[in-house]
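To start, the structure itself, in structure tokens.
All of these numbers come straight from a predicted model, not from anything done at the bench. Only heavy atoms go into these numbers, but all of them, side chains included; no hydrogens, no water, no symmetry mates.
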Amino acid sequence: MTQCSFPINYTLFVTSRDKCIQYIFISSACVFRRKTEDGILLESSPKPNNELSYSIEKYECEVWLRDNAKETDCKYTIVRPYITYGNTRIPFGIAPLARYHWTIVARIMNDKPMFVWDNGTALCTLTHTEDFAYNFVQLYLNKKAFNEDINFVGDQVYSWQEMLETLYELLDKDKKNIVSIPTKKIARILPCYKEFLIGDRSLNAVFDNTKLKECIPNYKQNISLKKGLEMILIYYKEHNFLNGIDYKYDARIDKLIKKENGINFDFIDYLNAHRIKDRVTYSIYRNWGETQLNQLRILFHGIKKIMRLK
């Protein structure tokens, strides 16, 4: 057997294929090609999205799983979620590090602008993790799901502008502070976000979930975006804002806003708990270009390697 280039399923499948009845692989709805003519995406819609390496690698896993499942009695189920979010993740397309999503809230509360791309008109499908989990467990040993691929998404579709405006409303802040910037300009200023922005977030992401509902008649999606965001705000407050502030992200967005409208923003100690490292990190990512940062990383790793050899 040939191992796929994105080794999510290889070890688990090989070790379990003769010992279990069903193998569930969590792929991604990003596997689909996303041209305008593709419209609402069915399980049979064209794949992969050649603009996104993540899509290609997930698709390769799907192909590998189907091909190798023929050699065993173990049934497979491929599920394709899109954006799932929960208590630690604000479902914004270009976000801070995991568990640092209070950074977005802190910016909004301190009247620093947030941004959308191309007027925030691209559509996204959002599913709360509680709804995902309730529906997911109904696939276990579900014969309707055997050897099937399923768009594992909900019915709640929003534009990115609507998603961000909902958060602003909950925080009682002025939505005029949302700045629209062309995708290509964001990609040029912040190339670290280029591939996912151009290959996914700037494109409509609407999926047909008829097959999912046929497989699990008790399907439900109870948590609205507003309710989900309320839960996130409460959770962060009750858990000491989790990991704190992602000052790399904060600095990058300040740099982006400065390039777009000329307004200069500086470091803010949002939680009154910053370290010198945070201020230095902010300063570097606010003032240096991504190319310079990459060169610095290479230099730093080279020095570390030399030091280990001594």
Side-chain angles (χ1 to χ4, degrees), residues 3-9 25-67 78-85 89-98 114-127 149-154 157-164 179-209 248-249 252-253 255-256 259-260 289-291 293-294:
Q3 182 173 352
C4 63
S5 62
F6 195 63
I8 296 176
N9 59 40
F25 171 53
I26 299 180
S27 182
S28 170
C30 288
V31 298
F32 295 105
R33 189 183 73 177
R34 302 273 285 286
K35 293 188 177 181
T36 304
E37 61 266 29
D38 293 331
I40 297 176
L41 298 164
L42 308 169
E43 280 82 1
S44 58
S45 293
K47 298 176 273 296
N49 175 359
N50 289 316
E51 301 298 321
L52 189 65
S53 59
Y54 178 74
S55 169
I56 295 169
E57 290 166 345
K58 281 287 193 179
Y59 178 65
E60 287 177 350
C61 284
E62 291 188 7
V63 173
W64 183 94
L65 180 59
R66 282 195 188 91
D67 289 345
I78 296 171
V79 298
R80 299 193 186 108
Y82 189 55
I83 293 179
T84 57
Y85 70 101
R89 180 187 184 187
I90 293 174
F92 186 58
I94 302 298
L97 294 171
M114 280 298 294
F115 71 103
V116 290
W117 37 97
D118 306 330
N119 296 313
T121 57
L123 300 176
C124 57
T125 303
L126 307 177
T127 307
D149 54 332
I150 302 171
N151 289 346
F152 210 87
V153 296
V157 177
Y158 305 87
S159 70
W160 287 114
Q161 181 75 19
E162 289 171 334
M163 181 270 127
L164 202 53
V179 178
S180 176
I181 305 174
T183 291
K184 290 183 179 179
K185 186 170 185 178
I186 299 172
R188 185 173 68 251
I189 297 171
L190 300 175
C192 55
Y193 301 132
K194 179 179 179 179
E195 185 183 20
F196 238 93
L197 186 57
I198 292 177
D200 183 76
R201 301 310 198 223
S202 64
L203 308 173
N204 285 336
V206 183
F207 311 91
D208 184 280
N209 63 1
K248 291 180 184 179
Y249 179 85
R252 283 170 169 155
I253 306 311
K255 178 166 63 176
L256 178 66
K259 294 283 188 179
E260 174 62 18
E290 297 292 326
T291 300
L293 288 169
N294 287 333

Distance-only criterion, 3.5 Å: show the donor-acceptor pairs between side-chain atoms of residues 188-198 and protein atoms not counting sequence neighbours.
residue : atom : partner : partner atom : Å
E195    : OE1  : S53     : OG           : 3.4
E195    : OE2  : S53     : N            : 2.7
E195    : OE2  : S53     : OG           : 2.9

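- Pairs passing the salt bridge (Lys or Arg N to Asp or Glu O under 4.0 Å) check and including a residue from residues 32-55, sequence neighbours excluded, read R33-D38, R34-D200.
- Residues N50 and I56 have side chains in contact (heavy-atom distance under 4.5 Å, counting atoms from C-beta outward).
- With sequence neighbours left out, the side chain to side chain donor-acceptor pair (under 3.5 Å) criterion links S180 to N119.
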M163 and I90: side-chain contact (heavy atoms from CB on, under 4.5 Å), yes or no, with the steps?
-> CA-CA 10 Å; M163 181 270 127; I90 293 174; 3.8 Å; yes
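- Every residue meeting the side-chain contact (heavy atoms from CB on, under 4.5 Å) condition with S45, not counting sequence neighbours, appears here in chain and number order: F32, L41, L42.
- Scanning all heavy atoms of the two residues, the minimum distance from S55 to N49 falls at OG-N, 2.9 Å.
- Considering only residues two or more places apart in sequence or on other chains, Y82 meets the ring-ring contact (aromatic ring centres under 6.0 Å, His included) condition with F207.
- Taking every heavy atom of both residues into account, T84 and P81 meet most closely at CG2-CB, 4.1 Å.
- Scanning for side chain to side chain donor-acceptor pair (under 3.5 Å) contacts around R201 gives an empty result, with sequence neighbours left out.
- D149 meets the salt bridge (charged side-chain N to carboxylate O under 4.0 Å, His left out) test with R66, R80, K211; sequence neighbours excluded.
- The main-chain N or O of G154 is found under 3.5 Å from a side-chain atom of T127 such that the two form a donor-acceptor pair.
- Partners of L123 by side-chain contact (heavy atoms from CB on, under 4.5 Å), not counting sequence neighbours, listed by chain and number: V157, S159, N204, V206.
- A distance of 9.5 Å separates CD1 of I83 from OG of S28, quoted to the nearest 0.5 Å.
- In this structure, T125 OG1 and N209 CG are separated by 8.5 Å, a value rounded to the nearest 0.5 Å.
- Applying the side chain to side chain donor-acceptor pair (under 3.5 Å) test to Y85 and every residue at least two apart in sequence or in another chain returns nothing.
- Here V179 pairs with P113, I181, I257, E260, N261 under the side-chain contact (heavy atoms from CB on, under 4.5 Å) rule; sequence neighbours left out.
- In this structure, C30 SG and Y59 OH are separated by 15.5 Å, a value rounded to the nearest 0.5 Å.
- Distance check: K58 NZ to E60 CD gives 12.5 Å after rounding to the nearest 0.5 Å.
- Side chain of Y249 to main chain of I94: a donor-acceptor pair is present (N/O by atom type, distance under 3.5 Å, no hydrogens or angles).
- In this structure W117 satisfies the ring-ring contact (aromatic ring centres under 6.0 Å, His included) test together with F92, F115, W160, sequence neighbours excluded.
- Atom NZ of K184 sits about 9.5 Å away from atom CG of D118, to the nearest 0.5 Å.
- Under the side chain to side chain donor-acceptor pair (under 3.5 Å) criterion, S202 pairs with no residue, sequence neighbours left out.
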